[in-house]
Asker: 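Structure provided below as structure tokens; questions to follow.
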Number of protein chains: 4
Amino acid sequence: MTEIGVGMLGYAFMGKAHVNGYRTLAYMTGPPAIEPRLVAVAGRNEEAVAAAAKTFGFERHVADWRELVADPAIQLFDNGGPNDLHAEPTIAAAEAGKHVICEKPLGRTADESHEIWRRVAATGVKHMTAFNYRFVPAVRLARELIEAGELGEIRHFRGRYLQEWGMTDAEAWRFVREQAGSGALGDLGAHVIDLARYLVGELESVSASVRTFQPGREVDDAFEAVVEFEAGAVGTIEASRFAPGRKNALSWEVNGSKGSLAFDLERLNELQWSEGTSGFRTVLVSEADHPFWQWWWPHGHVLGWEHTFVHELRHLLDAIVADTDVAPHGATFEDGYRAAEVCDAILRSAESGSRERIAYR
Amino acid sequence: MTEIGVGMLGYAFMGKAHVNGYRTLAYMTGPPAIEPRLVAVAGRNEEAVAAAAKTFGFERHVADWRELVADPAIQLFDNGGPNDLHAEPTIAAAEAGKHVICEKPLGRTADESHEIWRRVAATGVKHMTAFNYRFVPAVRLARELIEAGELGEIRHFRGRYLQEWGMTDAEAWRFVREQAGSGALGDLGAHVIDLARYLVGELESVSASVRTFQPGREVDDAFEAVVEFEAGAVGTIEASRFAPGRKNALSWEVNGSKGSLAFDLERLNELQWSEGTSGFRTVLVSEADHPFWQWWWPHGHVLGWEHTFVHELRHLLDAIVADTDVAPHGATFEDGYRAAEVCDAILRSAESGSRERIAYR
Amino acid sequence: MTEIGVGMLGYAFMGKAHVNGYRTLAYMTGPPAIEPRLVAVAGRNEEAVAAAAKTFGFERHVADWRELVADPAIQLFDNGGPNDLHAEPTIAAAEAGKHVICEKPLGRTADESHEIWRRVAATGVKHMTAFNYRFVPAVRLARELIEAGELGEIRHFRGRYLQEWGMTDAEAWRFVREQAGSGALGDLGAHVIDLARYLVGELESVSASVRTFQPGREVDDAFEAVVEFEAGAVGTIEASRFAPGRKNALSWEVNGSKGSLAFDLERLNELQWSEGTSGFRTVLVSEADHPFWQWWWPHGHVLGWEHTFVHELRHLLDAIVADTDVAPHGATFEDGYRAAEVCDAILRSAESGSRERIAYR
Amino acid sequence: MTEIGVGMLGYAFMGKAHVNGYRTLAYMTGPPAIEPRLVAVAGRNEEAVAAAAKTFGFERHVADWRELVADPAIQLFDNGGPNDLHAEPTIAAAEAGKHVICEKPLGRTADESHEIWRRVAATGVKHMTAFNYRFVPAVRLARELIEAGELGEIRHFRGRYLQEWGMTDAEAWRFVREQAGSGALGDLGAHVIDLARYLVGELESVSASVRTFQPGREVDDAFEAVVEFEAGAVGTIEASRFAPGRKNALSWEVNGSKGSLAFDLERLNELQWSEGTSGFRTVLVSEADHPFWQWWWPHGHVLGWEHTFVHELRHLLDAIVADTDVAPHGATFEDGYRAAEVCDAILRSAESGSRERIAYR
């Protein structure tokens with residue numbers, strides 16, 4: 001097999017980002033052992049999906065995702081649709097024997113996410129939740145440094161994802177519970193939760209407050225949570241769509257007994273590292289021996305946000321070809337479910353006023 | 001009256017900082033309507049207190065703080081002693097008719113702090129809790145901008161105070177509950193709580209976790225809290241002595257409906273301001289019309305940390321001379337008590353696992 | 001015409017960057033009015049060029065660039081070869097009626113650059129010197145702000161391009177005069193000179209010193225120059241390959257009577273703007289109305305270095321299709337020549353010890 | 001001798017800064033072996049100088065600096081007057097046997113500076129030019145690192161001093177040649193030149209351009225210079241009063257064969273250090289073993305601009321008491337003269353259009 005047929009649900013923001021990933025990895029990363037072939041894209045608006053198919057280079061477009069599931073030319077189902085279109089199509093595709101990647105949040109609730117995970121896992125296909133920030137080179141480097149013991153015992157994780165567009169009425173579907181599941185929580189918070197788990201390990205409990213600032217919205221505009229990790233660290237996880245001046249500010253800091261790391265997505269090529277108490281050094285993550293940089297440019301020629309998808313999709317294709325685990329560097333549907341379980345606990349805690357234990361099923 | 005006699009308890013870190021404040025304000029700020037006269041300093045170690053008195057320019061030194069209380073030449077009692085020496089001497093001084101300033105935390109608990117406040121307030125003297133960070137020019141400017149409505153309705157406050165020295169055994173008294181009351185909470189967290197109140201208003205509830213990382217310590221090394229404000233904002237307050245690379249990193253961010261402000265004490269001359277969503281502008285707080293800058297240098301000739309004490313003590317002397325309120329810009333003992341009430345609620349929440357309401361007495 | 005056949009000379013660093021540009025613009029920017037078709041790539045190492053052709057998606061590869069010139073399927077000749085392969089192939093391609101884009105420096109000297117420009121211009125084809133940093137969104141925004149008068153009268157331009165790899169022996173051809181023409185001057189300095197001209201206007205004179213630190217090298221490792229602009233501004237232009245810690249640090253600052261702008265390529269998504277004396281605001285250049293951002297992502301999802309080529313090549317294709325000028329936003333061969341004239345003046349000044357006037361032919 | 005009587009000429013910006021230095025060092029740094037006693041201040045405006053004397057704590061004020069020279073109670077003459085009052089009073093004081101410190105620039109020209117130096121040096125008193133930025137802890141640390149070989153062989157020095165107030169009419173005397181000597185050159189550039197010499201060593205040549213932007217001014221508003229150092233390094237030195245957004249931006253970078261250092265006075269507590277090519281680490285210069293920090297606070301409690309004077313004056317008093325050299329860490333009048341020689345060479349080069357050698361007499 002030298003090609004893998006990709007069928008995609010959705011062609012907006014995330015669809016475009018995934019297309020760019022497939023098209024770029026084909027010539028930039030190697031080349032890969034297997035080439036993605038953009039077979040078909042599904043969308044309900046005939047005119048728009050036709051235009052997208054043409055622009056993005058899909059061989060054809062379809063009106064119903066079921067056609068993708070039924071199409072034998074498709075071996076990989078890529079779900080970049082809205083949150084209420086994650087469960088049914090993804091499960092159907094997997095049960096039709098296709099590998100699956102699904103945008104985050106995996107499901108709209110922990111229940112739905114668990115259902116997706118269990119049913120897809122039962123089929124034996126590869127599954128990936130598109131927590132693409134694991135594939136920022138600086139984030140991968142942070143993970144490697146932590147795993148190598150460079151930070152010692154981890155005491156703190158503080159992560160925030162701040163945006164400002166909640167003050168407008170853009171992307172209205174994101175404010176409707178039935179479609180989105182939750183607001184800043186599933187959209188932004190899930191990323192922070194996933195990185196917390198990826199960098200520091202499992203969470204044990206959360207204590208949270210949630211706010212909807214804009215009258216009439218069914219979902220949260222912001223949340224704040226204290227988190228405790230199984231291994232003893234404590235910290236905070238926060239997200240808001242009401243932080244003027246913060247465009248896409250996913251930032252985190254990890255403090256360990258031997259040093260600290262800090263990161264800000266708006267400067268995604270930089271990792272701040274204090275070795276011991278020496279003070280923070282700006283590591284411009286772009287050296288030939290830095291994660292993913294074997295594929296790119298001489299150092300200092302920095303990468304953009306969308307290359308996370310190049311790395312992520314290359315990782316998925318490698319796992320498919322070699323039949324290796326998507327984990328630990330790729331997020332599986334189990335990871336998608338676990339993030340959802342934490343999200344649900346945050347909502348429960350905000351409601352109950354109590355510290356809620358994370359109980360994975 | 002052209003002079004005010006100052007009697008000081010303690011001559012270590014805080015004593016030195018206050019001395020510098022009194023001595024500098026005398027010629028730098030005006031001059032002031034009243035001149036501080038360093039009458040006497042009290043300390044138990046005869047040799048050390050004698051040396052301090054000589055170096056700092058006190059007219060004499062005494063072994064027992066009661067001598068300060070009894071001394072008619074002293075009209076202002078300045079308490080920079082350890083936390084277990086806050087209550088009794090401060091109350092005694094006030095009851096002897098002396099104005100009082102006391103280092104933070106005011107008392108070791110909310111109970112003790114309340115007792116200090118009520119008994120001192122009953123005497124009619126001026127009282128100030130030394131929350132000196134209210135007197136950072138950038139912090140005062142932030143307060144003025146918020147009061148003027150520049151940020152609109154406040155949605156978020158996130159404040160952290162991170163240090164790293166908890167990993168050593170310096171300043172052992174700070175780890176003993178009887179002497180210190182609490183750890184990072186009262187020492188660092190109280191500052192953040194006070195700034196939250198100063199900038200955003202009263203807190204309504206906290207949900208917190210606390211950690212003591214170092215075996216054998218009686219007090220907290222770090223805490224994390226979600227906070228809700230009476231006016232509807234939500235956020236986090238955190239402090240840790242276990243953040244390698246962070247020397248004195250008191251940082252906060254406020255997001256409002258019209259803009260955001262951010263600050264970091266390690267760059268204390270800078271205020272980050274996003275007017276609307278325009279992005280953050282570095283305001284180098286040093287213009288002639290910026291708070292406190294009528295006393296200083298041409299712009300760009302930046303100030304150091306200890307000038308907060310110059311501003312704070314000048315503010316106190318002004319209140320004494322003009323018989324005006326120390327509040328709202330100065331922290332009174334009521335403010336000291338209120339911070340302590342929040343600290344206690346954080347400990348209760350950490351223990352109970354529940355969101356704790358702040359109930360001021 | 002819906003397609004344009006591209007023939008490329010060179011497939012290393014720059015070749016890969018241009019390929020990425022062509023392939024990405026095809027689906028990311030629109031789509032464009034004309035699609036680039038990767039017809040053939042030329043290289044002397046048969047095995048390597050064959051592999052490159054396969055990876056990058058060229059239809060075929062050739063051993064001799066003359067085959068590209070002779071190929072009627074090629075309408076655009078893209079020269080990313082070493083500096084000593086700029087003149088002859090580029091002129092030949094233009095004289096064969098093909099549009100041409102050539103990497104910088106255009107020629108190894110002003111004489112050679114002038115020859116390339118004049119002979120190519122005489123053919124009537126479109127020609128572009130690949131000064132890709134004009135196509136950084138923040139740089140284009142800076143140009144627009146300056147043109148709109150936001151900075152008032154320009155007083156200063158200070159530009160530096162600092163790298164560190166000169167301390168190693170990588171890319172040996174760059175140290176040989178016959179192949180490279182010059183060292184840091186043509187490689188890095190030419191970019192700064194071009195940006196100075198693009199942002200502020202023509203240079204009038206230079207006063208320079210040059211250094212070769214590494215024994216045995218035939219070209220400069222660094223240069224420093226004072227520059228005077230025709231319109232009255234003064235400043236400095238510098239470049240070095242011997243600046244440890246600086247990976248790809250092209251930075252500049254412009255001061256005008258009404259404000260200042262500053263930029264650093266290592267943070268290429270940010271433009272620092274002081275409106276009047278208000279202090280520098282970080283403009284995260286990623287809004288929908290920012291240059292080139294109609295093609296990309298929601299704001300804050302930042303771009304990487306190589307997207308400059310997407311913008312640059314799209315600009316060239318637009319000029320070809322619409323038969324419009326490549327200038328002023330694209331650099332023509334005249335711009336390539338003018339940068340070379342300044343480079344030569346810098347070498348002359350370093351030699352003569354005198355301020356050298358820039359005399360364009 | 002336990003006291004040293006200080007007589008001061010001038011009581012404006014610099015006078016206030018020096019007073020603060022004397023008053024603070026007395027209790028903050030030790031105490032010192034000798035205490036400064038503020039004997040008298042001279043000024044022509046009776047009312048203003050009387051007020052200054054009272055505020056600053058001088059025992060008396062005089063109308064004529066000759067009274068200071070004649071006063072046996074004064075052993076140290078501190079000249080913070082305008083540039084045209086540097087030569088005569090300073091020489092007279094030294095010839096009367098008083099130690100002297102004089103603000104920069106030492107004289108208005110190299111000739112005048114040389115005269116001051118030679119005549120004062122002949123008397124045997126201690127002499128210091130107030131290049132206070134040598135006494136920024138981060139600058140001293142940089143010097144120590146360079147001396148210890150941490151940067152290897154130095155290749156580059158780039159220093160700028162940018163301000164913005166030249167666009168206003170403040171401090172009119174600074175624009176008059178007779179009073180000021182030069183403009184940005186002597187006022188700001190002299191600081192950069194002195195730091196270049198202090199950190200990297202003697203300059204060999206300059207190639208410069210100078211501008212006066214504001215019609216009617218007799219002195220330069222800005223200059224730009226390429227500099228060559230005797231030991232082989234090259235770089236640039238620049239200053240401007242026409243850089244909007246730059247309040248007091250003295251910044252420099254040094255690149256060596258083993259690493260780089262960078263500094264910005266607006267963040268004067270930070271030294272940026274790239275050890276080798278590892279990237280820049282922010283050293284918050286405030287550790288107990290950092291220069292001058294034995295006198296101050298726990299780390300992270302950062303210093304302000306005016307503490308440079310505390311350090312500088314303490315250094316001078318130490319040299320007086322111990323009869324040791326003011327050099328190398330303190331700038332002598334020879335250093336003041338040498339900076340002036342470079343300033344003159346910059347003016348000559350701007351005029352001649354030629355690289356000018358620095359020829360010290």
Side-chain angles (χ1 to χ4, degrees), chain C residues 151-153 155-156 158 160 162 164-168 205-211 213 221-228 232-238 240 242-247 253 255-262 272-281 349-350 352-357, chain D residues 151-153 155-156 158 160 162 164-168 205-211 213 221-228 232-238 240 242-247 253 255-262 272-281 349-350 352-357:
Chain C
L151 262 65
E153 186 186 339
R155 267 80 181 254
H156 294 295
R158 297 178 207 88
R160 316 174 162 166
L162 304 183
E164 67 187 14
W165 63 272
M167 302 165 81
T168 69
S205 73
V206 296
S207 307
S209 291
V210 165
R211 282 289 182 281
F213 297 115
D221 288 327
F223 76 92
E224 313 282 337
V226 168
V227 295
E228 299 184 319
V234 286
T236 51
I237 291 181
E238 315 167 76
S240 180
F242 280 73
R246 302 296 177 197
K247 310 297 173 183
E253 175 166 335
N255 306 124
S257 57
K258 289 183 176 175
S260 296
L261 294 172
Q272 302 291 326
W273 183 10
S274 178
E275 296 175 73
T277 57
S278 66
F280 285 84
R281 176 162 60 94
S349 174
S352 70
S354 294
R355 188 183 300 144
E356 295 282 337
R357 283 188 62 84
Chain D
L151 261 65
E153 186 185 341
R155 266 79 179 252
H156 294 295
R158 298 178 207 87
R160 316 174 162 166
L162 304 182
E164 66 187 15
W165 63 271
M167 302 164 81
T168 69
S205 74
V206 296
S207 307
S209 290
V210 165
R211 281 289 180 280
F213 297 114
D221 287 328
F223 76 92
E224 312 282 337
V226 168
V227 294
E228 299 184 319
V234 286
T236 52
I237 290 180
E238 314 168 76
S240 179
F242 279 73
R246 303 296 176 196
K247 310 297 171 182
E253 175 165 336
N255 306 123
S257 56
K258 289 183 177 175
S260 296
L261 294 172
Q272 302 291 327
W273 182 11
S274 178
E275 298 176 72
T277 58
S278 66
F280 286 83
R281 177 162 60 92
S349 174
S352 70
S354 295
R355 188 182 299 143
E356 295 282 337
R357 284 189 62 85

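Every chain is numbered from 1 and lettered A, B, ... according to where its sequence line falls, protein lines coming before strand lines.
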Asker: In terms of heavy-atom proximity below 4.5 Å to chain C, should D:Glu253 be classed as side chain, backbone, both, or neither?
Answerer: side chain
Asker: Listed by chain and number, what are the side-chain contact (heavy atoms from CB on, under 4.5 Å) partners of C:Glu275, not counting sequence neighbours?
Answerer: C:Trp273, C:Ser278, C:Arg281
Asker: Taking every non-hydrogen pair under 4.5 Å, which of C:Glu153, C:Met167, C:Lys258 racks up the most with chain D?
Answerer: C:Met167
Asker: Do D:Glu224 and C:Val227 have side-chain heavy atoms sitting under 4.5 Å apart?
Answerer: no
Asker: How would you list, by chain and number, every residue that makes a ring pair (Phe, Tyr, Trp, His ring centres under 6.0 Å) with C:Phe242, sequence neighbours excluded?
Answerer: C:Phe213
Asker: Find out whether C:Phe223 and D:Val226 are in side-chain contact, i.e. whether some heavy atom of one side chain is under 4.5 Å from a heavy atom of the other.
Answerer: no
Asker: Of the listed residues (D:Gly259, D:Ser205, D:Ser352), which shares the most heavy-atom pairs with chain C below a 4.5 Å separation?
Answerer: D:Gly259
Asker: Measure D:Ser274 against the heavy atoms of chain C and call it side chain, backbone, both or neither at under 4.5 Å.
Answerer: side chain
Asker: Looking at C:Gln272, C:Glu356, C:Glu228, which one has more heavy-atom pairs under 4.5 Å with chain D than the rest?
Answerer: C:Glu228
Asker: I want to check something: taking the side chain as every heavy atom from C-beta on, are D:Arg246 and D:Glu164 in contact at a cut-off of under 4.5 Å?
Answerer: no
Asker: Below 4.5 Å from any heavy atom of chain C, which atoms of D:Ser349 appear? Answer side chain, backbone, both or neither.
Answerer: backbone
Asker: Any non-hydrogen side-chain atom of C:His156 less than 4.5 Å from a side-chain atom of D:Arg211?
Answerer: no
Asker: Would you mind checking which part of D:Leu162 comes under 4.5 Å of any heavy atom in chain C, side chain (CB onward), backbone (N, CA, C, O), both or neither?
Answerer: side chain
Asker: With a 4.5 angstrom heavy-atom cut-off, is it the side chain or the backbone of D:Arg155 that approaches chain C, or both, or neither?
Answerer: both
Asker: Non-hydrogen atoms of chain C under 4.5 Å away: do they reach the side chain of D:Arg160, the backbone, both or neither?
Answerer: side chain
Asker: Quick one: which of D:Ala208, D:Gly276, D:Ser207, D:Gly235 has the most heavy-atom pairs under 4.5 Å with chain C, could you say?
Answerer: D:Gly235
Asker: Shorter than 4.5 Å, heavy atoms on both sides: which option in D:Ala350, D:Ala262, D:Ala222 has the most such pairs with chain C?
Answerer: D:Ala350
Asker: What part of D:Ala233 lies closer than 4.5 angstrom to a heavy atom of chain C: side chain, backbone, both or neither?
Answerer: backbone
Asker: Heavy-atom pairs under 4.5 Å with chain D: which of C:Ser209, C:Ser240, C:Gly256, C:Gly279 has the most?
Answerer: C:Ser209
